[in-house]
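Step one of this worksheet: look at the structure below.
This one's a predicted model, so the numbers in the text were calculated from it and none came from an experiment. Proteins get letters first, then strands, A, B, ... in listed order; numbering begins at 1 in each.
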There are 2 protein chains.
Amino acid sequence: MGVPPPKPWPDSDPRVDELVNDVIGQVADKWTMLILEVLADHGELRFTQVGRHVPGISQKMLTQTLRQMERDGLVQRTVHPVIPPRVEYKLTELGYSLGEAFCGVWTWAEDNLARIEAARERFDAAKVG
Amino acid sequence: MGVPPPKPWPDSDPRVDELVNDVIGQVADKWTMLILEVLADHGELRFTQVGRHVPGISQKMLTQTLRQMERDGLVQRTVHPVIPPRVEYKLTELGYSLGEAFCGVWTWAEDNLARIEAARERFDAAKVG
DNA sequence: ATTTATACTTACCGTTTGGAGAGTGACCAT
DNA sequence: ATGGTCACTCTCCAAACGGTAAGTATAAAT
C-alpha cells in the first residue's frame, strides 16, 4: 500500500498547540457543528427555530451551545425587547469562516463514510473470527 | 416555479447528516486529533513512543483511542511477535486524508486564536459590567 | 528466584455530560 | 382569572468519560 511519506505538520510549538487544542476541543463538538450548519444554511433564526432544525437537541444544550458560540464570537445574538421575547441568532464573519474550514472535514466524512464503515466491519469480523 | 433555496452548504440529507455527524463525533475528539498529528509528524511509532508524544494521555486512553482509530481504518497496527512485545502504529492513507482535512480547522484555529480570545474577553467583561 | 521490559487489560471511582421536566416573567387574548 | 407565548433557567438524576493502580504474559538478564 502506497502510503505517502510523513509530511511535516504546519506547527509544532507546544504552547500554540495547547491553545489550538483547547479552541478546537470547544468548537468541534457535536452541537456546535450542527448549529453552525443550520445557521449557515438559514441565515438568521430565532431560538426555537434553531432548535427545530437541530433534531434531538435539548433546550439546555441549545442554550448552552448558543451561549458558548456567542462568547467565542461565532454567532451574534440579538434581543428584541418585546413580549413575548424575540431573540435572533446569526453567524458572524468568524462563524462563517469556521464553517468553511469545517467544510473540509464534513466533506471528508461524506466522501469516506463507506470506507470507514467497511473498515469497521472488517475489524469487527476479524475480532470474532 | 420555486425560488432557488439558498444553499451554501454541500449537503442537507438528514440521513447522510446523521452518519456524518456520527463519524465526525467519533473522529473529532481530543485524543484522536492529537494522535493523528503525532503519527503524521513521525511516521511509524511504537505504543509507548506515541504516548510520549502525547503529553497527558493515560495508557487507557492511548489504547482505547488507538484501537478506535484502527477500527475506523485510520491507523495500521503491526504486531511483531517478539518478547517483549513490539507493536507499531502508522497512519493509513485514510488517516492521512483526514489529517489533511483537519488541517483546515487547525489552521483556522491558529489564525483566529486572537480573535476568539478577544471575543471571550469582551463577552465576559460585558457580563460583569 | 527475582527483576525488567512492553503492551496491554481490568476494576474501581470521582468528575463531567446531558436529558427530562418544572419554574419564571411579562403581556395579551379570552 | 386563566391560559398561551417565548426564551430561557434551575434542579435532579442517570450515563458516559477518563484517571489511577494493579494485574497478565513471556523470556532474557542478573
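- The backbone N or O of A:G104 lies less than 3.5 Å from a partner atom in the side chain of A:T107, making a donor-acceptor pair.
- At the phosphate of C:dA7, neither OP1 nor OP2 sits under 4.0 Å from any side-chain N or O atom of B:R77.
- Distances shorter than 4.0 Å separate none of the side-chain N or O atoms of A:R46 from OP1 or OP2 on D:dC6.
- Among the nucleotides C:dT6, D:dC6, C:dG18, the one closest to any side-chain atom of A:M61 is C:dG18.
- A:T63 comes within contact range of at least one nucleobase, with a heavy-atom separation under 4.0 Å.
- Side-chain N/O atoms of B:R86 include none lying less than 4.0 angstrom from OP1 or OP2 on C:dA5.
- The side chain of A:I83 lies closest to C:dC27 when the candidates are D:dC6, C:dT6, C:dC27.
- Nearest nucleotide to the A:R67 side chain, out of C:dC8, D:dT9, C:dT6: D:dT9.
- Using the six-membered ring where Trp is involved, B:F102 and A:F102 have ring planes that are perpendicular, over 60° apart on the 30 and 60° scheme.
- Rounded to whole angstrom, the span from the CD atom of B:Q64 across to the P atom of C:dC8 amounts to 13 Å.
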> So B:W106 and B:E37, side-chain contact (heavy atoms from CB on, under 4.5 Å) or not? Walk me through it.
Replying inline: CA-CA 10 Å; B:W106 205 271; B:E37 194 191 357; 3.4 Å; yes
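- Atom-to-atom, CZ of B:F47 to P of D:dT24 comes out at 18 Å; the value is rounded to the nearest Å.
- Here A:Q59 lies in heavy-atom contact (under 4.0 Å) with a base.
- Put simply, NZ on A:K30 is 13 Å from P on D:dA16, counting in whole angstrom units.
- Mapping B:K60 and A:E88 onto DNA chain D by nearest heavy atom places A:E88 closer to the 5' end of the strand.
- Between the CD1 atom of A:I57 and the P atom of C:dG19 there is a distance of 8 Å, rounded to whole Å.
- A donor-acceptor contact shorter than 3.5 Å links the side chain of B:Q49 to the backbone of B:R46.
- Between B:A109 and A:I24 the shortest heavy-atom distance is CB-CG1, 3.9 Å.
- Proximity note for B:S58 (side chain, C-beta onward) versus C:dA7, C:dG19, D:dT20: the nearest is D:dT20.
- Put simply, CG on A:L45 is 15 Å from C1' on D:dA7, counting in whole angstrom units.
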